[in-house]
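First the structure, in the form of structure tokens, and then the observations on it.
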Amino acid sequence: MQLAANMGEFGADLSPERRDVSQAPERTLGHVVACTGARATIAAMLPQNGRGPSEAWAIGRVISINLGRSRVVGTVYEVRTVKESWDERADNAVHVEVELAGEVTEGEDGRQRFQSGITNYPPIGAVAHRIRAGDLALMHDLGGRNGTAVGHLTQDASIPATVCIGDLLSRHFALVGTTGVGKSSAVALLLRKAVMARHRLRVLILDPHNEYAHAFPDRALTIDASTLDLPFWMFRLEEFADVVFRGRPDPDEVDILREVIASARARYRAPSARDMLRDVNTSLLKRPLDPNAARATPESAGAAADAPLPYRMLDAFAVIDELIGLHELRYPRAALRSLKVRLEALHGDPRYYFMFARANTMESMSPVIGQIFRIPEQGRPITVFQLAGLPSEVVNSVASVLARIAFDLAMWSQGSYEILLLCEEAHRYVPSDPALGFAPTRQAIARIAKEGRKYGAYLGVVTQRPGELDPTILSQCSTIFAMRLANDRDQQIIRSAIADASTSTISFLSAIGNREAIAFGEAVATPMRMRFAQVPPHELPAMAGLVHDGLPQREPGLEELVNRMRGSS
Ligand SMILES: Nc1ncnc2c1ncn2[C@@H]1O[C@H](COP(=O)(O)OP(=O)(O)OP(=O)(O)O)[C@@H](O)[C@H]1O
Ligand SMILES: [Mg+2]
């Protein structure tokens, strides 16, 4: 659709190359003097008076080589003067190195099309010139796919940069770039477009800097430490243990915890005799009471400790007390006591209210899942999950629970919902060093990356440090927006992650401007150097409480500041 407009605009350009004698000499910029496989060298003159087409030879520019009925297009990656000196008073000869990308040919139906790869190599002496706007638009045309404009091409601001949102989501995407280049702003832009294009899509943003609420005042529900309800019983044993032991689980105590949770769960499900008498008519009577309810076997405990069924902390404490009181001790008393102290401290800590305060007013996960995953969406298909106010020890576990549920929900909805999990600072959850990070979070995110596509669970990863992100996750991202990356190692990572990333394209990454990106992969037709659209200030992400001129909206009182620092608002 975009292209149709462009074809009108550049209609003349789309016709086969025709050169007439009256055309300005600047149009003929150079001639091919060497061609080796995917590269060509062009000899050109830069005129003495400084007028003329020198800007067409700038690094990163796409140029075109005329082969009569077709045109080979390529990207400039190196320019140097032939004499390695500069003469102010004469024209200067330059050699321009170009990496060939593909060709524009005329099909049998008379339409021009672009295809990657070269079938006819340019002969020596072929004329090279600035690419026509129509050819440039053709290069990035998505063909039959639905395109959504997210910016414009760097080389020609009149040509929209379009991406296929369907492929962007379903094959996962990554946005990488050094700090301040505009990743989060681009994410805000992409997500807005995505929810507009896909009505079944729900987006969950893991927002470590509490910045996205500002970007979606109308389209997102923001969940923070004070509004979150994530009952402790929804955590799996490993996740809960990570919270209880603050990332350093004590194996003996974890064994006890497993049994304690299983027993507490069994008690919750097994009604007391008094309840049963009162409820004689309920079907509960038909269910025989589990004689081992209070004493789960170790085998059953593993499964029961992971089942997302409610239990009460009071039952858990009672089970520990009973274990302490046993004549034949099954666990060291010190370990039992230590576990109880830990659980009591957690249970009473106001920073963990979101796990305990309302946990037992709920009988099932549905209200929690409905709120977080926007079912029904109530006009807000995006959830901004603010992690910054949560105790830092719990962030990994919460991310694990959410990523796990996102996958399961998409899977069990059998295509009714598509769920995009957007991970900012993704290297924190899925670091390249297997010894770092939290295994369950890594597994849950990797599961979405590897299998999510089949079920409608998608992943978007954003990082400043692609080198610190698990390469298997990056390689599952079929579309990558590479923004400025100063560091060589990070550039290397991108090069190895992307099949069609040419050396020359990657080498620009250290020099591109803010808001600029090179988009590679499934969602674009061919690697595309683009600039994201300007996002209006009221749709930009912002640090909580900051407006975009950097001034605080209001001064928080000391009490509020201290509360924020303690993570309890
Ligand atoms: N597309 C855009 N439209 C308008 N302003 C933008 C855009 N991209 C970036 N900016 C400006 O640049 C600033 C920094 O951008 P942004 O916060 O998106 O960078 P970032 O790459 O996410 O940085 P960090 O890595 O530190 O999170 C924004 O606050 C905004 O002012
Ligand atoms: Mg950011």
Side-chain angles (χ1 to χ4, degrees), residues 148-154 157 159-163 165 168 173-194 196 203-217 219-220 222 382 384-388 395 399 420-431 459-469 474 477 479-487 489-491 493-494 509-519 528-553:
T148 300
V150 294
H152 55 75
L153 301 189
T154 306
I159 303 176
T162 52
V163 297
I165 295 285
L168 179 76
F173 68 94
L175 233 142
V176 302
T178 182
T179 180
V181 287
K183 297 182 297 297
S184 306
S185 311
V187 165
L189 173 78
L190 289 169
L191 295 185
R192 236 173 220 283
K193 302 271 182 185
M196 252 193 285
V203 181
L204 175 62
I205 306 178
L206 297 184
D207 183 6
H209 304 302
N210 294 3
E211 57 183 344
Y212 283 99
H214 189 273
F216 304 108
R219 299 294 274 153
T222 300
I382 302 174
V384 175
F385 206 103
Q386 298 193 328
L387 295 168
V395 167
L420 168 66
L421 180 72
L422 188 111
C423 296
E424 265 273 357
E425 310 266 9
H427 57 271
R428 290 190 191 179
Y429 310 112
V430 269
L459 185 66
V461 297
V462 182
T463 179
Q464 300 177 358
R465 305 191 197 122
E468 287 176 25
L469 182 69
L474 197 59
C477 293
T479 305
I480 298 186
F481 295 93
M483 303 185 80
R484 189 167 62 247
L485 282 174
N487 165 324
R489 189 165 109 83
D490 288 339
Q491 292 178 19
I493 299 286
I494 296 302
L509 285 180
S510 57
I512 60 177
N514 286 351
R515 257 169 72 196
E516 254 195 90
I518 302 177
M528 173 167 77
R529 184 164 171 191
M530 56 165 293
R531 202 168 153 81
F532 283 106
Q534 174 92 31
V535 178
H538 61 276
E539 291 178 5
L540 274 176
M543 293 291 280
L546 285 185
V547 290
H548 274 272
D549 54 8
L551 298 171
Q553 285 168 328

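Remember, it's 1-based here, ligands and their atoms both numbered in the order they're listed.
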Report task. Please state which part of R515 comes within less than 4.0 Å of ligand 1, counting heavy atoms only: side chain, backbone, both or neither. Result -> side chain
Query raised in the report: Between E424 and ligand 1, does any nitrogen or oxygen pair lie at a separation below 3.5 Å?
Result: no
Query raised in the report: Quick check: does S184 get an N/O under 3.5 Å from an N/O on ligand 1?
Result: yes
Requested in this report: Among I480, L509, L485, find the residue that satisfies the side chain to side chain contact (heavy atoms under 4.5 Å, CB included) test when tested with I518.
Outcome: L509
Query raised in the report: Counting both backbone and side chain atoms, is some N or O of F532 under 3.5 Å from an N or O of ligand 1?
Result: no
**Report entry** Polar proximity ligand 1 side, Q464 side, N/O cut 3.5 Å exclusive
**Finding:** yes
Requested in this report: Taking both backbone and side-chain atoms into account, decide whether S184 has an N/O/S atom under 2.8 Å from the Mg ion (ligand 2).
Outcome: yes
Requested in this report: Measure the spacing between OG1 of T148 and CG of L168 and express it to the nearest 0.5 Å.
Outcome: 9.5 Å
Query raised in the report: Applying a strict 4.0 Å limit to heavy atoms, is V181 in contact with ligand 1?
Result: yes
Query raised in the report: Relative to each other, are the rings of F532 and F481 parallel, tilted or perpendicular (30° and 60° limits)?
Result: tilted
Query raised in the report: Does at least one non-hydrogen atom of A533 fall below 4.0 angstrom from an atom of ligand 1?
Result: yes
Requested in this report: Would you kindly say whether T222 and Q386 are connected by a side-chain donor-acceptor distance under 3.5 Å?
Outcome: no
**Report entry** Polar atom proximity, G180 to ligand 1 (N or O, under 3.5 Å)
**Finding:** yes
Query raised in the report: What about V535: any of its N or O atoms under 3.5 Å from an N or O on ligand 1?
Result: yes
Query - Non-hydrogen atoms of R428 and P208 that approach each other most closely - result: NH1-CB, 3.8 Å
Query raised in the report: Are any of the heavy atoms in G177 under 4.0 Å away from ligand 1?
Result: no
Report summary line: Separation between CZ (R515) and CE (M530), nearest 0.5 Å, reads 9.5 Å
Query - Student check: side-chain heavy atoms of I493 and V176 closer than 4.5 Å - result: no
Query raised in the report: Are R484 and E516 ion-paired here, with the side-chain N under 4.0 Å from a carboxylate O?
Result: no
